[in-house]
**Student:** 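Right, I'll just put the structure down here and ask away after.
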Amino acid sequence: MNTVLREELVALLHMETADELRRQVRDGNLSNLAPDEKGAFPREAARLGRLDMLRALCEQSHVIALECDGDGRDVLHHAALSGNAELAAYVVDVLGFDPLRGDKNGVTALDIAKECGYADVLAVLEARAGFPLENAYRNPVRRGFYPDPSVLRVGDDYYLVNSTFVQFPCLPISHSKDLVHWHTIGHAIEKLEWSGIVGLPGGHGYWAPDLSYYKGRFWVIATLRRDTAPFRLQMITSAEKPEGPYDEPHFLDINGIDPSLFTDDDGRRYVVTNPGAQIVEIDEKGYMIGEPRMIYFGSVRVKTEGPHILKKDGWYYLFQAEGGTGAGHMETVARSRSLYGPYQPCPHNPILGRKEMEAPIRRSGHGKPVMLADGRWYMTYLCGRDVDGCTMLGRETALDPMTWTADGWPMVNGLKGPSCLQQMPLSAHEWQDEPIREADFIAPRSDWRTYAKATENGWTMTAGSDPNTIGPVSLLMRRQREKLFAQSVEADVSAMTQGMAGLCGYYDENSFYLFGLNTDGQIVLEEQIGTERKTTVLREHAGAKAKLRITASGAKRALWLEEERLCEIDAAYLSDEGLRMGKRFTGATLGMAAVGSGESVFTRYEETMKEDRYV
């Protein structure tokens, strides 16, 4: 809750001049302010546009709001709400607040000035930021379950690959012209029989891929995490075009995770993997020469992951993710004049990591640098956004500028941590965000193209097993990309012999819900929460068709039959933190499900996502 100031403090801020406030400060009458009041007092002065009051508090006492309010807003957010441009300039120039800092929903002071129509305030903040708001992008740039990003530039084109775990198709390849707007153009594994993911538990499968370019071919390497020995294999494949088709993969018997490929100046190629950073040479076809050798364990030496080697100016730079994939996630770097070391850790480590416990962009690390054609550098990295205290949207892909110090060390976003708002690295290209793209459909351990067929108005789906299995299922899913969403469909079960069809929210086989119409004429809700299965008959329903809808805000889901609101559920179990069961670092997906036998028909499927960015 936001602090409510005492009446006498509010009265001080509403006086015509700051004389009485200065007297109270001089006499020591504000020394007994409660800790939360010491933060709320300057924020309220800023919100009221009282520069004189704020100066009296900050310059004649030590009362300055370093803390944020309950919405994660600091003094500058409140100054922007006042419409006072001189006050906003003071808060940035003298008090040192960052105009690009976001509140808990990623809203910056620039956003507030824009939404409130305060052109003078916006002009001041844009001048301090160094770019106009219209030329900005927001993190994450690849939203929803797109973890462990590996970026690649070939000419003026940028490509990205991300982890998929047990989702199929495996390892999406995305394309961009500006590093911000991305479309899926293909997958590294498009044949289920090549994947090795059938029968694997959730959280297993393909981890932390890397994308590289070598002698006219695009190469993808990733860990296949199995549940039987050998538990970890490194998959490697290549294609002439980034979208594929990719060759049938082969697997390297390296007991590590998070592999990447590095090509040295002499043309020799290496696989870099962990624990720590280990390297092994490979030939031109991607087969090992020799055995892996550790070159550096890590700068923090806690859960080192995601190693990437970059050679620049005669130095080998080793980038590593450390600290685990939770709150302590970070990116470090070390360097050496020799590939095999010894490596010296960067004195600025970590070069990327969360600086505030309540920051809107969290668990940032697992980065890979990319150099633009003009010589500037950026880093893609994974991050997470908070949704009602959990990471429901999964680990996502963020982007920030990377600069180099005079003595040759890289720093991401000036060591300020992950940004909410940043200047576009390149001119934005024409972009159309299509609401439904077939290339973005996925399904756990199953090839949805074998049971789902597109029709003029929707889809037909052959019903399959209950999602509480590690076998084939009939789900047609897409990644949940925002906190706020709505989806709707008309489900027809007239051709089903038994079972149900409807809308689905899925994290893994232990965490999902089904909301649909069954062949017994009932609107039902099925929830799998760990080992517990909850079945709720919401109402009887006449006929074989039902218009179903779900609206969501954060973890809450409202379930509708046409315009009738049936119930609300808390779907926090669709998150990493939702259960303590198995390996949980994927993300929530949304879509359609057909469970049972026979064929279901879905028409007019609609899905909308919206950022939770109120001003």
Side-chain angles (χ1 to χ4, degrees), residues 92-93 96-101 128-131 136-137 139 141 149-153 158 179 260 262 264-265 272 276-277 295-302 304-323 328-356 359 361 363-383 397-426:
V92 176
D93 297 343
F97 282 79
D98 183 0
L100 299 182
R101 184 193 171 276
R128 272 58 174 183
F131 57 89
Y137 71 89
N139 273 319
V141 293
S150 173
V151 65
L152 170 69
R153 179 178 68 87
Y158 296 88
L179 277 171
S260 64
F262 168 69
D264 210 339
D265 295 340
V272 190
I295 59 173
Y296 187 67
F297 192 79
S299 300
V300 178
R301 297 180 294 281
V302 177
T304 52
E305 303 172 350
H308 290 281
I309 293 178
L310 165 71
K311 192 171 186 183
K312 180 180 183 293
D313 301 329
W315 289 100
Y316 293 89
Y317 290 89
L318 172 60
F319 293 85
Q320 293 176 294
E322 302 196 55
H329 201 43
M330 67 186 78
E331 187 73 14
T332 65
V333 66
R335 71 182 182 186
S336 172
R337 288 295 187 184
S338 167
L339 176 62
Y340 287 92
Y343 281 82
Q344 172 193 4
C346 174
H348 310 295
N349 278 336
I351 62 169
L352 173 67
R354 187 172 78 180
K355 299 297 183 181
E356 299 178 57
I361 306 293
R363 58 194 307 183
S364 51
H366 200 110
K368 183 181 179 183
V370 62
M371 186 179 75
L372 279 58
D374 60 10
R376 289 178 295 137
W377 288 82
Y378 277 78
M379 177 177 278
T380 58
Y381 59 92
L382 73 77
C383 71
T397 293
L399 176 78
D400 264 313
M402 189 175 82
T403 55
W404 297 85
T405 64
D407 55 350
W409 288 109
M411 298 193 302
V412 179
N413 193 31
L415 301 181
K416 293 187 291 185
S419 67
C420 292
L421 192 70
Q422 196 61 259
Q423 184 176 14
M424 285 287 296
L426 297 162

**Student:** Please report the closest heavy-atom contact between P99 and R128, naming both atoms and the distance.
**Tutor:** CG-CB, 4.3 Å

**Student:** Would you say the side-chain atoms of E322 pair up with the backbone N or O of T304, donor to acceptor, closer than 3.5 Å?
**Tutor:** no

**Student:** State, to 0.1 Å, how close Q423 and Y137 come at their nearest heavy-atom pair, and which atoms those are.
**Tutor:** O-CE2, 3.1 Å

**Student:** Measure the shortest side-chain to side-chain distance between P410 and F319 over non-hydrogen atoms and say whether it is less than 4.5 angstrom.
**Tutor:** yes

**Student:** Quick one, N349 with E331, criterion side chain to side chain donor-acceptor pair (under 3.5 Å). Give me CA distance, side-chain angles, the key distance, then yes/no.
**Tutor:** CA-CA 8 Å; N349 278 336; E331 187 73 14; over 6 Å; no

**Student:** With the side chain counted from C-beta on, respond yes when Y343 and Y316 share a heavy-atom pair under 4.5 Å apart, and no when they do not.
**Tutor:** yes

**Student:** Would the distance check show the side chain of S299 and the main-chain N or O of T332 forming a donor-acceptor pair, the cut-off being under 3.5 Å?
**Tutor:** no

**Student:** Kindly indicate whether the side chain of L352, heavy atoms from C-beta on, has any atom under 4.5 Å from the side chain of P418.
**Tutor:** yes

**Student:** Can K368 and M379 be said to form a side chain to side chain contact (heavy atoms under 4.5 Å, CB included), step by step?
**Tutor:** CA-CA 5 Å; K368 183 181 179 183; M379 177 177 278; 5.7 Å; no

**Student:** Let's go through H308 and L310 carefully: what are the C-alpha distance in whole Å and the side-chain angles of both, what is the deciding distance for side chain to side chain contact (heavy atoms under 4.5 Å, CB included) to 0.1 Å, and is it a yes or a no?
**Tutor:** CA-CA 7 Å; H308 290 281; L310 165 71; over 6 Å; no

**Student:** Side chain of R335, backbone of G408: donor and acceptor closer than 3.5 Å?
**Tutor:** yes

**Student:** Any non-hydrogen side-chain atom of L426 less than 4.5 Å from a side-chain atom of L372?
**Tutor:** yes

**Student:** So do D264 and I309 actually touch side chain to side chain, heavy atoms under 4.5 Å?
**Tutor:** no

**Student:** Examine distances only and state if a side-chain atom of S260 and a backbone atom of P307 form a donor-acceptor pair shorter than 3.5 Å.
**Tutor:** yes

**Student:** What distance separates Q422 CD from N139 CG, expressed to the nearest 0.5 Å?
**Tutor:** 8.0 Å

**Student:** Testing the basics here: between P369 and M402, what is the closest heavy-atom pair and its distance to 0.1 Å?
**Tutor:** CB-CE, 3.5 Å

**Student:** Run the side chain to side chain contact (heavy atoms under 4.5 Å, CB included) test on L100 and C420 for me, step by step, so that the C-alpha distance in whole Å, both residues' side-chain angles and the decisive distance to 0.1 Å come before the verdict.
**Tutor:** CA-CA 7 Å; L100 299 182; C420 292; over 6 Å; no

**Student:** Any chance you could measure L421, atom CG, to R101, atom CZ, to the nearest 0.5 Å?
**Tutor:** 13.0 Å

**Student:** I'd like to know whether W404 forms a ring pair (Phe, Tyr, Trp, His ring centres under 6.0 Å) with W409, so could you lay out the CA-CA distance, the side-chain angles of the two residues, the decisive distance to 0.1 Å, and finally the verdict.
**Tutor:** CA-CA 5 Å; W404 297 85; W409 288 109; 8.9 Å; no

**Student:** Is there side-chain contact between S336 and Y317, with at least one heavy-atom pair below 4.5 Å?
**Tutor:** no

**Student:** In Å and rounded to the nearest 0.5 Å, what is the OH to CG distance from Y381 to L399?
**Tutor:** 7.5 Å

**Student:** Rounded to the nearest 0.5 Å, how far does CH2 of W377 lie from OG1 of T403?
**Tutor:** 12.0 Å

**Student:** So, N413 side chain and L415 main chain: donor-acceptor pair closer than 3.5 Å or not?
**Tutor:** no

**Student:** Are the side chains of V333 and Q320 in touch, meaning some heavy atoms are under 4.5 Å apart?
**Tutor:** no

**Student:** Enter the distance from R337:CZ to Q344:CD here, rounded to the nearest 0.5 Å.
**Tutor:** 10.5 Å

**Student:** Rounded to the nearest 0.5 Å, what separation is found between the CD1 atom of I351 and the CE atom of M330?
**Tutor:** 12.0 Å

**Student:** Side chains of Y378 and D400: any donor to acceptor distance under 3.5 Å?
**Tutor:** no

**Student:** Find out whether V370 and L152 are in side-chain contact, i.e. whether some heavy atom of one side chain is under 4.5 Å from a heavy atom of the other.
**Tutor:** no

